[in-house]
Structures are given as C-alpha cells and as structure tokens.
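In what follows, a structure is listed as structure tokens, so that the remarks can point back to it.
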Number of protein chains: 2
Amino acid sequence: MNNLLKYIDSLTPFSERSWELLQLALTKQEFKKNEFLLKEGQVCDSLFYIDKGFCKSYYDIDGVVKNTGFFFENEIATNIISFGSGERSEFNLVACEQLSTIIFDKEKLFLAAKETPEIETLGRNCIRLFAAKQEEFSKLFKLYSAQQRLEYLETKHPEILQRVSLAQLASFLGVARETLSRIRRRRRTS
Amino acid sequence: MNNLLKYIDSLTPFSERSWELLQLALTKQEFKKNEFLLKEGQVCDSLFYIDKGFCKSYYDIDGVVKNTGFFFENEIATNIISFGSGERSEFNLVACEQLSTIIFDKEKLFLAAKETPEIETLGRNCIRLFAAKQEEFSKLFKLYSAQQRLEYLETKHPEILQRVSLAQLASFLGVARETLSRIRRRRRTS
DNA sequence: TTTAACCGGTGACATTCGTCACAAAATCAG
DNA sequence: CTGATTTTGTGACGAATGTCACCGGTTAAA
C-alpha cells in the first residue's frame with residue numbers, strides 16, 4: 001500500500017481520515033501472466049492500481065489482436081468508458097507478467113466519496129491523468145508516421161521498449177511486425 | 001444558459017445553491033469564424049461549453065494543419081492536459097463558424113467546488129465524458145483503416161460529415177484529401 | 001457581371017505498407 | 001544439453017497511399 005499512498009499524495013492533499021475511508025474500497029489482488037483483469041463484454045467496475053508488473057489493453061478484431069495500451073507501475077488501468085457509463089467493455093485487460101494490483105471497487109469508492117470530498121477530488125485527478133495519457137497517445141496516430149511514433153516512444157517512454165517484445169510493440173504502433181523490423185533496419189544502416 | 005442547465009442535470013444532481021455558486025465561474029462569450037479559443041503555446045485555463053456553432057482542435061506541424069477534433073453543441077471543448085497540469089497547449093482551438101460559448105474559468109471553478117461537492121462531481125463527470133470521447137476516437141486510428149474510420153463516422157457521428165468540408169474531414173481522418181475522394185468514389189462505383 | 005477563391009474530383013507516379021513464405025536467432029522446457 | 005517453441009529478420013509482390021498537377025463547378029467578393 002506504500003506506493004499507492006505516495007501516488008495519492010502526489011495527486012491531492014489527503015487526510016488520515018480520507019485514507020481510512022478509502023481503504024474500505026481497496027483490495028489487493030495478484031494476477032498471473034496472461035490472466036485477465038477485464039474481459040471484452042464484461043462491465044468494468046474497478047480501477048486497477050499497478051503496484052508491480054505490467055498489463056496491456058487489446059481489442060480482438062475478428063481474431064486479430066490489436067494492442068492499444070500498456071500500463072506499468074504507479075499507473076491506473078481501467079476501461080474508463082465502461083467504468084463511467086456501465087456499458088460492456090469492448091476490449092480486454094490482461095497481465096503481461098506476474099502482476100500485483102490494488103483494486104478500487106467502484107461502488108465502495110462512490111460510498112466513500114460521499115463521506116469526504118478529498119476522495120472525489122482524487123477520483124477527478126485519476127481520471128484527468130487517464131485522459132491526458134489517452135490524448136498523448138492518440139495524438140501520435142493522428143500526427144505522426146510509424147517511424148515517428150517509434151521515435152516518440154524511445155524518447156518519452158523508453159520503459160515500453162525495454163519491457164515489451166517487438167511483435168507486441170508493432171501491434172501497439174499500428175503496423176505489421178515486418179514493418180517495424182524494416183524501420184529498425186533502415187535506421188541501423190543509415 | 002438553458003442548454004447548459006440541461007447538460008448539467010443530465011450529468012449529476014444539482015441543487016439551486018450549487019447552480020448559483022457555479023454561475024460565479026461562468027461567462028458567456030462569442031467567437032467569430034476563425035477566431036481562436038486557445039492558441040498553441042498558451043496555458044488553457046477554461047472549459048468551453050458550446051451553446052451554438054462548432055469549433056475544432058488542430059496541430060500545426062511545420063505549417064501543415066492536422067485536425068484532431070470537432071466540438072459541437074452541448075459538448076465541452078478544452079485542452080485537458082493543459083487545463084489539468086498548467087502546461088502550455090500544443091494545439092489550437094478555433095471557431096469553424098460563428099460560435100456561442102459559456103466559459104468555465106478554472107480558478108473560479110475550483111473556488112466554487114470547494115463550497116459544494118456537487119460541483120466537484122460535475123467536474124469529474126465532464127472530464128470523464130471528455131476522456132470517453134478521446135478514447136472513442138483514438139480507437140479508430142488504432143484499429144481501423146481510413147475507409148472504416150469514415151464508415152464509423154457516418155454511422156456514429158453523421159453530424160460531423162454534414163457540417164465539415166471534405167478537406168477538413170480528410171485531415172481529421174488522417175489521410176490526404178485525394179485519398180478521401182478515392183474512398184468515396186470506390187464506394188459509389190461498387 | 002466579372003474575377004478570384006474555394007471545393008471536390010481525378011490521373012500519373014513513386015513510395016510505403018500489408019501479406020505470405022521462409023530462415024536465423026534467441027529462449028524455454030525437459 | 002537438446003529439441004521445441006518463440007521471436008525477429010527479410011525477400012517478393014500486390015494494394016493502398018502521398019504527392020503533384022490540373023480541371024470543372026460553386027460561391028463570394030469587387
């Protein structure tokens with residue numbers, strides 16, 4: 001819980017009482033590699049704070065896996081559309097390696113938020129960070145070529161390159177695995 | 001202010017007192033076509049509720065305009081990254097036609113939110129909707145071809161096609177104007 | 001009315017990318 | 001250590017896209 005406390009403190013002032021109330025909504029949970037945090041078709045009623053390990057979000061489009069996000073330590077993973085609206089999730093969340101999370105239960109979280117506005121503010125800030133991350137990555141696709149997207153990740157998010165296989169990365173970059181190989185080769189030889 | 005009231009009511013329960021407090025943070029503002037709501041390099045300290053007309057967000061990449069979003073009546077337009085973090089905006093917001101907005105001033109909004117948790121909750125829900133829209137559109141680029149992206153807009157967001165020129169739309173879809181022409185022709189002839 | 005500006009379409013051509021097939025290298029399990 | 005599996009690289013080829021040039025139709029301004 002220690003990492004989580006630091007994470008919260010970095011977002012908003014938080015009293016002892018708020019922390020005690022919040023803990024009523026929290027559960028530690030471990031996932032094995034390839035275990036699902038959220039499956040397509042389920043309603044997402046949790047926020048997953050990542051304590052150790054990482055997971056990814058992906059769509060299964062006619063049997064083809066399309067990675068759309070990676071979530072590492074000290075981040076929140078969730079389906080914000082499903083969590084907010086109660087609709088079924090269109091994508092999956094799956095552990096990429098042994099994963100330790102702290103789950104925020106939606107219902108209990110809302111109950112706790114009624115008791116203190118600090119929890120409401122925390123929620124707003126979590127969503128804000130989540131939205132900022134969304135915007136950052138969607139920008140890549142709207143503005144840049146595959147090669148430029150790779151270069152952006154290399155400078156701004158090297159942790160992804162270090163921990164994710166090239167096939168996984170290619171899917172995330174929105175190109176075929178072969179295209180990513182060629183981009184890398186072009187740069188080696190020039 | 002009537003449209004805004006309905007918008008708020010659709011998001012969260014709102015007392016008379018909350019509405020009166022919120023109004024302290026609100027200002028009506030008109031923009032002429034091609035007038036800027038937010039310029040690249042500025043810090044965004046407003047949420048723009050769109051009452052009438054529409055605007056767009058775009059990046060200027062080495063002199064090339066890349067449209068990234070359109071915002072119509074009954075939506076909030078802003079730069080969520082800049083608004084939340086205080087960093088400078090990397091993109092522009094500009095009126096595409098005569099535009100009537102109601103501006104939420106960030107500083108005054110935070111003051112009002114301290115008085116009542118209903119405003120805090122409203123803020124959380126506005127951000128949530130904004131994040132959901134981000135995710136919806138970024139999904140298009142990660143999963144679909146240009147033609148599929150067009151088809152998605154035609155079925156899910158026909159208002160965009162009705163009000164935006166093909167050149168603007170092509171930029172938003174992330175393809176050259178000519179490519180959009182060819183997609184349209186392919187479908188006519190097949 | 002005339003002229004200019006804008007909008008949408010299209011042809012030509014080079015480039016890039018996806019797909020399929022296969023091979024080399026790295027990793028893992030027994 | 002060894003064989004199997006996974007990961008990565010690459011060649012061939014067709015399809016899709018970007019770029020440039022130009023045209024006709026519409027709209028708006030002079």
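Naming: A, B, ... by sequence-line order, numbering from 1 per chain.
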| task | Any pair with a residue in residues 58-68 of chain B that passes salt bridge (Lys or Arg N to Asp or Glu O under 4.0 Å), sequence neighbours left out, goes on the list, sorted by first then second residue, please. | result | none
| message | Using the salt bridge (Lys or Arg N to Asp or Glu O under 4.0 Å) criterion, which residues pair with B:E75? Sequence neighbours excluded. | response | B:K133
| Can you tell me if the side-chain N/O atoms of A:T179 get under 4.0 Å from OP1 or OP2 in C:dC17? | no
| Any residue meeting ring pair (Phe, Tyr, Trp, His ring centres under 6.0 Å) with B:F71, in chain and number order, not counting sequence neighbours | none
| task | In plain terms, say whether B:E40 and B:R88 are close enough for a salt bridge, that is, a side-chain N and a carboxylate O under 4.0 Å apart. | result | no
| query | Would you call the rings of A:H157 and A:F137 parallel, tilted or perpendicular, where under 30° means parallel and over 60° means perpendicular? | reply | tilted
| field | By salt bridge (Lys or Arg N to Asp or Glu O under 4.0 Å) - contacts of A:K56 (at least two apart) | value | none
| field | Set of ring pair (Phe, Tyr, Trp, His ring centres under 6.0 Å) partners for A:Y144, sequence neighbours left out | value | none
| Non-hydrogen atoms of B:Y7 and B:I76 that approach each other most closely | OH-CG1, 3.3 Å
Please list, for nucleotides 12-16 of chain C, all pairs of protein and nucleotide N/O atoms separated by less than 3.5 Å.
{"residue": "C:dA12", "atom": "N6", "partner": "B:R182", "partner atom": "NH2", "Å": "2.9"}

| How long is the line joining CD1 of A:I61 and P of C:dG18, in whole Å? | 16 Å
| request: Each residue besides A:V94 in its hydrophobic cluster should be listed here, by chain and number; the cluster joins Ile, Leu, Val, Met, Phe, Trp and Tyr at side-chain heavy-atom distances under 4.5 Å. | output: A:F36, A:Y58, A:V65
| field | Inter-axis angle, terminal five-pair segments of the helix from C:dT1-D:dA30 to C:dG30-D:dC1 [nearest 10°] | value | 50°
| Is the backbone N or O of A:E118 less than 3.5 Å from a side-chain atom of A:T116, with the two atoms forming a donor-acceptor pair by type? | yes
| request: Name every residue in residues 142-151 of chain A that has at least one heavy atom under 4.0 Å from any atom of DNA chain C, in order of residue number, or write none if there are no such residues. | output: none
| Just how far is it from atom CD of A:E120 to atom NZ of A:K114, taken to the nearest 0.5 Å? | 10.5 Å
| message | Among residues at least two apart in sequence or on other chains, which ones pass side chain to side chain donor-acceptor pair (under 3.5 Å) with A:E35? | response | none
Protein-nucleotides 5-9 of chain D N/O pairs closer than 3.5 Å?
{"residue": "D:dT8", "atom": "OP1", "partner": "A:L166", "partner atom": "N", "Å": "3.2"}
{"residue": "D:dT8", "atom": "OP2", "partner": "A:L166", "partner atom": "N", "Å": "3.1"}
{"residue": "D:dT8", "atom": "OP2", "partner": "A:A167", "partner atom": "N", "Å": "3.2"}
{"residue": "D:dG9", "atom": "OP2", "partner": "A:S181", "partner atom": "OG", "Å": "2.8"}
{"residue": "D:dG9", "atom": "N7", "partner": "A:R177", "partner atom": "NH1", "Å": "3.1"}
{"residue": "D:dG9", "atom": "O6", "partner": "A:R177", "partner atom": "NH2", "Å": "3.2"}

| field | Atom-to-atom span, CG of B:L173 to P of D:dA16 - whole angstrom | value | 17 Å
| Residues in salt bridge (Lys or Arg N to Asp or Glu O under 4.0 Å) with A:R163, at least two apart? | A:E73, A:E97
